[in-house]
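Order of the sequence lines sets the chain letters (A, B, ...), proteins ahead of strands, with each chain counted from 1.
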Protein chains: 2
Amino acid sequence: MKDVAARAGVGLKTVSRVVNSEPGVTPDTERRVQEAIDALGFRRNDSARVLRKGRTASIGLVLEDLADPFYGPLSRAVEEVARAHGALLINGSSAEDPEREQELVLALCARRVDGLIVIPAGDDHRYLEPEIKAGIATVFVDRPAGRIDADMVLSDSFGGSREGVAHLIAHGHRRIGFIGDQPRIHTATERLRGYHAAMADAGITVEDRWVSLGTTDPGRVRSAAEAMLGGPEPVTALFAGNNRVTVTAVRVIAERERPVALVGFDDIELADLLGITVISQDAAAVGRTAAEHLFRRLDGADHAPARVELPTTLIPRGSGELPPA
Amino acid sequence: MKDVAARAGVGLKTVSRVVNSEPGVTPDTERRVQEAIDALGFRRNDSARVLRKGRTASIGLVLEDLADPFYGPLSRAVEEVARAHGALLINGSSAEDPEREQELVLALCARRVDGLIVIPAGDDHRYLEPEIKAGIATVFVDRPAGRIDADMVLSDSFGGSREGVAHLIAHGHRRIGFIGDQPRIHTATERLRGYHAAMADAGITVEDRWVSLGTTDPGRVRSAAEAMLGGPEPVTALFAGNNRVTVTAVRVIAERERPVALVGFDDIELADLLGITVISQDAAAVGRTAAEHLFRRLDGADHAPARVELPTTLIPRGSGELPPA
DNA sequence: GTGAAAGCGCTAACAC
DNA sequence: GTGTTAGCGCTTTCAC
């Protein structure tokens, strides 16, 4: 910028005015400055700008895994809202590791992102207190914040799961298996709670071996499913706690002779062609809602932390309507 | 930091030393400083740091659409490599719009990302010349850079497509339809070239109505597919130019009485269960390769721009092995 | 309409 | 071991 000023034979501030399209520059001076900019290939250094202005026009998004088909659309929706507000998106995957989440979040704070959207892996976010006090707006998504009071946008995991399991019961099932994610993940336990609620509503006593929580890697899910589907009194239906589990469950069921009913939480691409009944949550809507909430905060909204819960939808496609074998 | 120094009763530089774990501080002083840091909830301002050091420890990734299942894993792979190098990832979707691509890229440059990975939407990247000269390493992915000399990591679109079409021909097809993305997208024309090569190899004269390029939205693809599959001499097989096209093609075919053979470019989740034969490219490998290349540049590698081409794999699953109806 | 000076928060270089 | 000074590239303030 100094160089541009020298070359154009004007003061530093005049260049700054041109670069930022501020008023108070004669067309002629502006032209001279613009020529110098082009000749030198100058581009404003936003790092310096940020340092002076205090706002970075960027927000951070910490999620579990960008490669998961649920988070892609969510992330994209956040990006669109950010873009509409002239902000860039810094993305990070926690890989469901609380330490890595914290490391990422703090790195983002050190860069002074204006705001933060976090799909938490951990359950204690007190480490964020100083940052929030320092003015970094934060919205938690998909799972609640731990031990601090903050905005959150959630899906109705409990209600959705309850509806899905009730749907299976309505189609005659009583021995229904539930395979979910690790119990320290809030949505996993909420969905399990929904399962128990639906079973209790129908007066069914849940047997321990019908329930399995753990990682969503295919091997684990496969053995859990096979265990439930084997033995003298196998389950006649499965409820899959998220998209990863559903995918493996579909594979396991496809290999078996007897039909097994299935309802999965989260929609999956091509589930329509495979006839998989799902509880769908709109990932893009979740992302958009969270981002809009965040920018409202950044624009000065200072009401008490809010908790938004988005509804889920049961989409019957066949697999959830199969009668017991 | 000034406040921390005052509170701890030490100089500014000592705080800086503690914050950056530099040597040359007594354990006792360090403790006092650490206490002040905790009490004040201090966090280093990386914007200022960046300004001083010249490196931002962040890289930018501009792709078409983060919500596309091909780019999620690619993005995640880039992130992992960045993380290994202590860098954060700033993500942006161009939505296949050259102007938006440029806007994004320049915004990233203004933030002085250390490097840039671009899946180009446009075909003229001369606007990047000053930035590259200024030291921002850049790697183009999936499609070549336009009118500038730069590193690129591509998949073998031509070879993959040729193999897929030859596979259909080997199973007896002669009237084979090709539905691809917009012709201004490099991979789309490369794949079409592969189609033509395979057809020529077999001595088949391609009819105009067997080929359709355009947007990948379901409506467009659907009408293209239906046109090819109708009439007196319908095609007996389809080659789908990318994952979006494949998904719609599968739907269209599923609705028809006569079986239609299908090979798709890009693998899709659950394609195994649906028995869809695909030409698979490893999105994660593409992302990883590009990111590793980028960091090698950042570490000082200054050989001539390289062009890496990754192979594709044909995965037969049934749909590509159907004989002509 | 334009420019000079101060300073955002940090680190490099050097003095103590 | 520790502190002081200068300056990264920009914007803010205020004088011209």
Side-chain angles (χ1 to χ4, degrees), chain A residues 1-34 36-37 40-58 86 106-114 130-131 134-136, chain B residues 1-34 36-37 40-58 86 106-114 130-131 134-136:
Chain A
M1 189 141 157
K2 213 174 47 188
D3 300 345
V4 175
R7 178 167 183 130
V10 299
L12 208 57
K13 178 63 207 180
T14 302
V15 179
S16 173
R17 285 200 181 92
V18 173
V19 169
N20 298 298
S21 330
E22 286 169 22
V25 184
T26 14
D28 184 53
T29 334
E30 174 162 359
R31 192 185 41 73
R32 284 215 324 284
V33 172
Q34 194 57 53
I37 288 176
L40 268 47
F42 167 84
R43 217 77 78 174
R44 180 179 68 197
N45 183 329
D46 275 354
S47 300
R49 177 168 222 254
V50 156
L51 184 57
R52 212 41 252 249
K53 304 206 77 137
R55 278 218 168 181
T56 53
S58 59
L106 291 181
L108 291 166
C109 288
R111 277 167 203 244
R112 299 293 189 269
V113 292
D114 297 332
E131 330 294 315
I136 298 186
Chain B
M1 189 142 155
K2 212 175 46 189
D3 300 345
V4 175
R7 180 168 181 128
V10 299
L12 209 56
K13 180 66 205 179
T14 303
V15 179
S16 172
R17 287 203 179 88
V18 173
V19 169
N20 297 300
S21 331
E22 285 170 22
V25 184
T26 12
D28 184 52
T29 341
E30 174 161 358
R31 194 187 38 72
R32 286 218 320 285
V33 172
Q34 195 57 57
I37 288 176
L40 268 46
F42 166 85
R43 216 78 77 176
R44 180 180 67 197
N45 183 331
D46 275 354
S47 300
R49 177 168 224 256
V50 156
L51 185 57
R52 207 46 251 247
K53 303 205 77 136
R55 277 219 170 181
T56 54
S58 58
L106 291 181
L108 291 166
C109 289
R111 279 170 202 241
R112 297 294 188 268
V113 291
D114 296 332
E131 331 293 316
I136 299 187

- Query: If only side-chain N and O atoms of B:Thr14 are considered, is one of them under 4.0 Å from the OP1 or OP2 phosphate oxygen of D:dT2?
  - Reply: no
- Item | Inter-residue atom distance B:Arg43.CZ - A:Arg112.CZ, 0.5 Å rounding | 9.0 Å
- Query: For B:Thr26 and D:dT2, is the shortest distance between a side-chain N/O and OP1 or OP2 below 4.0 Å?
  - Reply: yes
- Separation of B:Thr29 OG1 from B:Arg32 CZ (nearest 0.5 Å): 6.0 Å
- Checking only heavy atoms, does the side chain of B:Arg49 share a donor-acceptor pair with the base of C:dG9 at less than 3.5 Å? no
- Could you state the atom-to-atom distance from CZ of A:Phe42 to C1' of D:dC10 in whole Å? 9 Å
- Task: Identify whether any heavy atom of A:Lys13 sits under 4.0 Å from a base atom; if not, whether one sits that close to sugar-phosphate; answer base, sugar-phosphate or nothing.
- Result: base
- Sugar-phosphate, base or nothing in reach of A:Val10, heavy atoms under 4.0 Å: sugar-phosphate
- Query: Closest nucleotide of DNA chain C for B:Arg17 versus for B:Asn45: which of these residues is on the 5' side?
  - Reply: B:Asn45
- Atom CD of B:Glu22 to atom P of C:dC10: distance rounded to whole Å? 14 Å
- Task: Can you measure from CG (B:Asn45) to OG1 (A:Thr56) and round to the nearest 0.5 angstrom?
- Result: 10.0 Å
- Closest non-hydrogen atom pair between B:Cys109 and B:Glu131, with its separation: CB-OE1, 3.3 Å
- Just checking B:Asp46: base, sugar-phosphate only, or nothing, at a heavy-atom cut-off of under 4.0 Å? nothing
